[in-house]
Amino acid sequence: FDVQADTMVDSLASLGMVVTGTWDHIASGYLSIDAIDELASLGGVRSAAGTTASLNVGSVTSQGDAAQYSDIARSDFGVDGMGITVGILSDSFNALGGYAVDIATGDLPNNVNVLSDYFFFDASDEGRAMAQIVADVAPGANLSFHTAFNGQADFANGIVELALAGADVIVDDVFYFAEPFFQDGIIAQAVDQV
């Protein structure tokens, strides 16, 4: 936009857009294809683009706890993450409904702070899988989650929101194909801000 994106939220909403986040001159959200012509005629719009995100994960079950010797560190130094909050950004946490099972099996604590989740067709609960890994490595740590799949502006806001919720460490496994390569985009700016 030619102006700060947060000043355009009402205009975008009048087009039926569900705004998921704003950052500087950028807004992210969901807009019906039928409203694209109206968006193009909205004053102040510089450009609009579809957004595609992907997870940055491997295909092998992690043996990270033993591989990085965190199991030995817990034993030798008496540390388990107590007093630390780990913030996790990924696609979704409980869109597939498995969190209760993870609590029952002891794979996750019952107090994960889910600030924002994602419930669309491509949700895989990769965020919950990441939380399981963190819980294995640092079982005493507090866990928080925020989706990173509602657009770049919401991803950037998620970084800030996790920090404001007390996260000492923030991890993610998401990248947006539209992120700039040769300068800091809004996600990198949010990291710098935090």
Side-chain angles (χ1 to χ4, degrees), residues 5 12 17-23 26-33 48-65 81 85-105 107-138 141-181 184-191 193-194:
L12 295 170
M17 183 172 177
V18 177
V19 178
T20 58
T22 61
W23 189 279
I26 298 171
S28 294
Y30 299 95
L31 180 69
S32 169
I33 292 174
T51 182
T52 305
S54 180
L55 297 170
N56 189 14
V57 298
S59 61
V60 178
T61 301
S62 173
Q63 296 294 315
D65 192 34
T85 297
V86 178
I88 299 161
L89 291 146
S90 190
D91 68 332
S92 61
F93 184 82
N94 198 32
L96 304 179
Y99 180 38
V101 172
D102 287 343
I103 294 169
T105 60
D107 288 315
L108 282 174
N110 65 359
N111 61 346
V112 176
N113 183 12
V114 179
L115 302 176
S116 174
D117 210 341
Y118 179 82
F119 294 99
F120 289 93
F121 71 95
D122 55 344
S124 70
D125 286 355
E126 180 66 27
R128 189 161 39 88
M130 291 174 65
Q132 292 168 355
I133 293 168
V134 173
D136 287 344
V137 172
N142 295 312
L143 304 174
S144 295
F145 175 82
H146 193 290
T147 184
F149 258 42
N150 281 328
Q152 291 188 60
D154 189 58
F155 188 175
N157 284 320
I159 294 166
V160 174
E161 289 172 22
L162 284 168
L164 291 174
D168 302 290
V169 176
I170 299 175
V171 298
D172 78 85
D173 67 346
V174 174
F175 67 92
Y176 277 87
F177 293 100
E179 288 184 67
F181 287 96
D184 282 350
I186 59 176
I187 296 166
Q189 292 171 28
V191 170
Q193 177 179 323
V194 167

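Keep in mind it's a predicted model, so treat the numbers as computed, not measured. Along the sequence shown, residues carry numbers from 1.
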Checklist line | Minimum heavy-atom distance A138-G81, with the two atoms named | finding: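 It is CB-CA, 4.1 Å.
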Next item on the list: Considering non-hydrogen atoms only, spot the tightest contact between S92 and S124 and give its length.
Entry: OG-N, 3.4 Å
Would a 4.5 Å heavy-atom cut-off, applied to side chains only, mark [X] and [Y] as touching?
X    : Y    : result
L89  : I170 : yes
W23  : Q152 : no
V114 : N94  : no

Donor-acceptor pair, [X] side chain versus [Y] backbone, under 3.5 Å?
X    : Y    : answer
D91  : A123 : no
D102 : L108 : no
D107 : Q132 : no

Next item on the list: List in chain and number order the residues that pass salt bridge (charged side-chain N to carboxylate O under 4.0 Å, His left out) with D117, two or more places apart in sequence or in another chain; answer none if no residue qualifies.
Entry: none
Next item on the list: Using ring-ring contact (aromatic ring centres under 6.0 Å, His included) as the criterion, list what pairs up with F120, not counting sequence neighbours.
Entry: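 For F120 the ring-ring contact (aromatic ring centres under 6.0 Å, His included) partners, ignoring immediate neighbours, are Y30, Y118.
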Review item, side-chain donor-acceptor pairs of residues 153-169, under 3.5 Å, at least two apart:
{"unit_1": "N157", "atom_1": "ND2", "unit_2": "T22", "atom_2": "O", "d": "3.1"}
{"unit_1": "N157", "atom_1": "ND2", "unit_2": "A153", "atom_2": "O", "d": "3.1"}
{"unit_1": "E161", "atom_1": "OE1", "unit_2": "H146", "atom_2": "NE2", "d": "3.0"}
{"unit_1": "D168", "atom_1": "OD2", "unit_2": "T85", "atom_2": "N", "d": "2.8"}

Checklist line | Between CD1 on residue I133 and CZ on residue R128, distance to nearest 0.5 Å | finding: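 I133 CD1 to R128 CZ: 12.5 Å, rounded to 0.5 Å.
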Next item on the list: Could you tell me the separation between the OH atom of Y176 and the CZ atom of F149, rounded to the nearest 0.5 Å?
Entry: 6.5 Å
